[in-house]
Amino acid sequence: SQAPRGEAVIAAGAELESEADPWSLLQPLDGADRPGLLPPLFKVLSDRRGETPRLQPDSRALYYMKKLYKTYATKEGVPKSGRSHLHNTVRLFTPCAQHKQAPGDRVTGILSSVDLLFNLDRVTAVEHLLKSVLLYTFNNSVSFPSAVTCVYNLVIKEPKSSNAPSRAPSSFTFRNHKWIEIDVTSLLQPLVASSERSIHMSVNFTCKKDQSKHPSAQDGPFNMTLLVPPSLILYLNDTSAQAYHRWYSLHHKRGSSQGPDQERSETAVGERSARHRR
Amino acid sequence: GQEIISPEFKKPLVPVSFNLSEYFKQFLFPQNECELHDFRLSFSQLKWDSWIVAPHRYNPRYCKGDCPRAVRHRYGSPVHTMVQNIIYERLDPSVPRPSCVPGKYSPLSVLTIEPDGSIAYKEYEDMIATKCTCR
């Protein structure tokens, strides 16, 4: 129902009493499912009729993505212009299976290495990978008496891809962080590009306290098993026409910021000087 | 200070039947001129909030109103709009007058829960009308 002039607002809490169920507004008239007809958002909406997500997302993952959303967009959902990132899509996957191997050793801090299986079916062919990280968080907010340096070894077990590096040893130091990001772009780029949608990897950590920086820190073992199995985050550039291309619209604005008349006068001047030269 | 006003000055300058308010009406902005209107909907009212996590409210806005004859600069309309108006007025009234439609849009960021339980942040082009034009 429309309020008089100005803001037409649906009365709060009132059901949308339209004869046609909103879903039918999204269905093509002849019922044929022409992929190009509906932009992805409405395709998602029309596919969702009555379907509830099979799996509910992990609450920590949802919390992280809500914070990311607040960083990237206003309350009304408009992307913030100050952002310079090129990705217009961010996907977070929680492992659909994980297997713990050798239990961790509390004294030396060697963590149990863990096998992770990610199903990337939702990544479409038009989404190109720009960056990918494994996101670790803790079961509950732990505080480390001192900095901890970890060396991790990440191996891609499946698919066995000839041209992709299958292992990425590296290290990082973390303090009282809630989140730890491990960049795995070099490992995943070739796999996502070759439309591999099921990634099986194993990760193991070896963590030591930085005694050099904090000799006074008591040498008690730290329970690294507080680490929750990681989520996989993909930063993608959706190249479809319906996606928002930040760099394009910035360039386009700059190009068309001159009014059509101004552009025309500049070309006229250009032509005149070219004629003189001729 | 009593000036003698000669009788010929008492004659009304304009014919008595002339109605000034009618005359000035043509210079006023038309009341329901083509402009942008808000329409705030929330995904919970469309029952889409089970998987559209953000934004909670979406205001796609829309354009509504009459297109005045001289539209060019005020609406950024092409000269073609004037031509279409003239065709409608003088040549063929079956040709529709220019319509009030969105001329510019801004994108929308959406946070959704996918069927497999993964979470997606996506930015979609042309989801919020920001300017109207007559075409």
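Chain letters run A, B, ... following the sequence lines, proteins first, then strands; residues in each count from 1.
Side chains of A:Pro57 and B:Glu114 form no contact here, defined as non-hydrogen atoms less than 4.5 Å apart.
With rounding to the nearest 0.5 angstrom, the OG atom of B:Ser118 is 9.5 Å from the CG atom of A:Leu234. Rounded to the nearest 0.5 Å, atoms CZ (A:Phe93) and CD1 (B:Ile119) are 10.5 Å apart.
B:Leu111 touches chain A through backbone and side chain together, each having a heavy atom under 4.5 Å away. Proximity to chain B is limited to the side chain of A:Leu68, based on heavy atoms less than 4.5 angstrom apart. At a 4.5 Å heavy-atom cutoff, A:Asp121 makes no contact with chain B through either its backbone or its side chain.
The choice from B:Ser44, B:Ser106, B:Gly76, B:Ala54 that makes the most heavy-atom pairs within less than 4.5 Å of chain A is B:Ala54. Chain A forms more heavy-atom pairs under 4.5 Å with one residue of B:Asn59, B:Val53, B:Ile128 than with any other, namely B:Val53. Chain B forms the most heavy-atom pairs under 4.5 Å with one residue out of A:Glu76, A:His87, A:Lys75, and that residue is A:Glu76.
If you look at A:Tyr72 and B:Tyr121, their ring centroids are closer than 6.0 Å.
Counted within 6.0 Å of NZ on A:Lys66, heavy atoms from surrounding residues, nucleotides or ligands total 12 or fewer; the atom is thus considered open. Counting heavy-atom neighbours within 6.0 Å of B:Arg61 CZ, excluding the residue itself, gives a total above 12.
For B:Ala120 against A:Met65, the heavy-atom pair with the smallest separation is C-CE, 4.4 Å. The minimum heavy-atom distance between B:Glu125 and A:Ala243, with the atom names listed, is CB-O, 3.6 Å. Residue B:Ser109 comes nearest to A:Tyr69 through the heavy atom pair O-OH, 2.7 Å, listed as atom of the first residue, atom of the second, then distance.
Applying the salt bridge (Lys or Arg N to Asp or Glu O under 4.0 Å) definition to pairs two or more places apart or across chains, those involving residues 124-133 of chain A are A:Arg91-A:Glu127, A:Glu127-B:Lys122.
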